[in-house]
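Down below is the structure, laid out as structure tokens.
Residue indices begin at 1 and follow the sequence shown.
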Amino acid sequence: MTAIETIIIAIVEGLTEFLPVSSTGHMIITQNLLGVESTPFVKAFTIIIQFGAILSVVCLYWKRFFCLDRTPAPAGSTPLQAFLHKWDFYWKLLVAFIPAIIIGLIAKISGLIDRFLESVEVVAVMLVAGGIFMLFCDRLFSKGSEQTPLTEQRAFRIGLFQCIAMIPGVSRSMATIVGGMSQKLTRRAAAEFSFFLAVPTMAAATALDVLQLFFADEADAGWATGDNLLMLALGCVVAFVVSLVAMKWFVGFLAKYGFRAFGIYRIIVGLVILGLLWSGHSLVMVD
């Protein structure tokens with residue numbers, strides 16, 4: 001990849017990581033439009049730079065992300081319950097993260113994720129299907145209540161929703177926010193928990209891809225060149241900066257207007273891509 005291609009893909013990632021439009025799907029489409037070959041390094045690049053975007057969550061919400069619960073534990077709590085109360089925020093993240101660990105490893109080892117990452121058609125179909133759902137999801141779930149507690153059970157169910165997003169085009173953001181709304185959280189609370197849950201999820205996905213690159217077959221082992229490492233660093237920085245802006249805008253927009261606009265956008269983009277593919281056009285730009 002060239003520096004320009006890296007910057008373009010990273011900007012797309014930063015803009016879409018926290019929007020319910022599928023950042024992975026948009027990066028796959030962008031990669032195809034730019035004519036970037038889907039090498040093992042490029043596949044890993046699309047995962048690793050997402051972690052650069054996720055770091056913006058830690059930066060923007062650092063006071064909440066690094067804050068223990070200082071309130072007294074409920075009367076009669078056991079030592080373990082008192083400990084979990086203090087670390088409640090991180091405990092809920094871990095509980096929500098567990099489904100992704102199990103299902104994600106199975107999908108990765110079986111090769112399902114890599115096969116999906118090569119299919120623009122899968123992305124387009126899921127964009128349309130998800131868009132249709134988003135036109136009606138605001139009506140399907142109540143607006144939620146600020147008083148709704150995030151219990152272990154609710155956190156685990158949100159984690160199950162997140163696993164649906166392993167299919168490119170679904171959108172991890174959409175899946176987890178809808179999961180939160182299904183558990184009676186407000187749209188704002190569901191979006192913020194989606195941001196927080198992205199940190200361990202994408203950290204694990206990044207670590208797994210980096211390990212795979214390090215232990216790649218000899219044919220793919222030459223990825224760690226100076227140019228590739230520079231592209232990774234550049235992509236992470238660009239995605240981080242762009243995500244900061246996109247995330248702050250998204251929370252306010254979602255809380256006020258809901259999903260409908262994003263649903264319409266997904267349907268239009270998905271249908272355009274399917275139309276091009278089914279009419280025999282290639283999405284790869286010719287030099």
Query raised in the report: CD1/Ile48 to CG/Leu232 distance, rounded to the nearest 0.5 angstrom?
Result: 5.0 Å
**Report entry** Phe196 with Leu160, same ILVMFWY side-chain cluster at under 4.5 Å
**Finding:** yes
Query raised in the report: Between Gly235 and Ala10, which heavy-atom pair has the shortest distance, and what is it?
Result: O-CB, 3.4 Å
Query raised in the report: For Tyr257, does the OH atom have more than 12 heavy-atom neighbours from other residues, nucleotides or ligands under 6.0 Å away?
Result: no
Query raised in the report: Side-chain heavy atoms under 4.5 angstrom apart, residues restricted to Ile, Leu, Val, Met, Phe, Trp, Tyr: same cluster for Val242 and Phe195?
Result: no
Query - Contact check, side chains of Phe18 and Val251, non-hydrogen atoms, under 4.5 Å - result: no
Query raised in the report: Say you draw a straight line from CD1 of Ile273 to CD1 of Ile29; how long is it, rounded to the nearest 0.5 Å?
Result: 3.0 Å
**Report entry** Greater than 12 external heavy atoms within 6.0 Å of Gln153's CD
**Finding:** yes
Requested in this report: Kindly indicate whether the side chain of Ile54, heavy atoms from C-beta on, has any atom under 4.5 Å from the side chain of Glu17.
Outcome: yes
Requested in this report: Start with the C-alpha gap between Thr148 and Gln183, add the side-chain angles, then the distance that decides, and say whether side chain to side chain contact (heavy atoms under 4.5 Å, CB included) holds.
Outcome: CA-CA 9 Å; Thr148 301; Gln183 300 306 303; over 6 Å; no
Query raised in the report: Does Arg266 use its side chain to pair, donor to acceptor, with the backbone of Gly169 at less than 3.5 Å?
Result: yes
Query raised in the report: For Met126 and Ser22, what are the C-alpha separation, side-chain angles and deciding distance, and is it a side chain to side chain contact (heavy atoms under 4.5 Å, CB included)?
Result: CA-CA 9 Å; Met126 296 313 298; Ser22 177; over 6 Å; no
Report task. Test Met181 against Phe259 for side chain to side chain contact (heavy atoms under 4.5 Å, CB included), laying out the working first. Result -> CA-CA 12 Å; Met181 291 169 61; Phe259 283 106; 3.4 Å; yes
Query raised in the report: Side-chain contact, heavy-atom cut-off 4.5 Å: Met174 with Cys137?
Result: no
Report task. Looking only at non-hydrogen atoms, find the nearest pair between Ala53 and Glu13 and report the distance. Result -> CB-OE2, 3.3 Å
Query raised in the report: Is any side-chain heavy atom of Leu19 less than 4.5 Å from a side-chain heavy atom of Tyr265?
Result: no
Query raised in the report: Should Leu93 and Val199 count as side-chain neighbours, where that means a heavy-atom distance under 4.5 Å?
Result: no
Query - Residue pair Phe262 / Ser171, side-chain heavy-atom distance below 4.5 Å - result: no
Query raised in the report: Is a side-chain donor-acceptor pair under 3.5 Å present for Gln162 with Thr201?
Result: yes
Query raised in the report: Is there a chain of hydrophobic side chains (I, L, V, M, F, W, Y, each step under 4.5 Å between heavy atoms) that links Val21 to Ile267?
Result: yes
Report summary line: So CD1 of Ile11 and OG of Ser243: to nearest 0.5 Å the spacing works out to 11.0 Å
**Report entry** Gap between atom CD of Glu152 and atom NZ of Lys92 - 0.5 Å precision
**Finding:** 5.0 Å
**Report entry** Nearest atoms (heavy-atom pairs only) where Cys163 meets Ala100
**Finding:** SG-N, 3.7 Å
Report summary line: In this structure, CD of Glu121 is separated from CG of Leu276 (nearest 0.5 Å) by 12.0 Å
Requested in this report: Return the minimal non-hydrogen interatomic distance between Val238 and Ile7, and the atom names on each side.
Outcome: CG1-O, 4.1 Å
Report task. State, to 0.1 Å, how close Ile177 and Ser194 come at their nearest heavy-atom pair, and which atoms those are. Result -> CG1-CB, 3.8 Å
Query raised in the report: Any side-chain heavy atom of Ser182 within less than 4.5 Å of one from Arg157?
Result: no
Query raised in the report: Between atom CD1 of Ile49 and atom CE of Met202, what is the distance when rounded to the nearest 0.5 Å?
Result: 9.5 Å
**Report entry** Side-chain donor/acceptor of Arg172 to backbone N/O of Ala165, under 3.5 Å
**Finding:** no
Query raised in the report: So, do Met247 and Ser56 sit near enough that their side-chain heavy atoms are less than 4.5 Å apart?
Result: yes
Report task. Step through the shown structure and confirm whether more than 12 heavy atoms of other residues, nucleotides or ligands are within 6.0 Å of CH2 on Trp249. Result -> yes
Query raised in the report: Out of Phe66, Phe65, Phe193, which residue meets the ring pair (Phe, Tyr, Trp, His ring centres under 6.0 Å) rule with Phe89?
Result: Phe65
**Report entry** Cluster overlap Leu150 with Val57, hydrophobic side-chain contacts below 4.5 Å
**Finding:** yes
Query raised in the report: When hydrophobic residues are tied together by side-chain contacts of less than 4.5 Å, even through go-betweens, does Val42 share a cluster with Ile9?
Result: yes
Query - Minimum-distance pair of heavy atoms, taken over all atoms of Thr46 and Met27 - result: O-CE, 3.0 Å
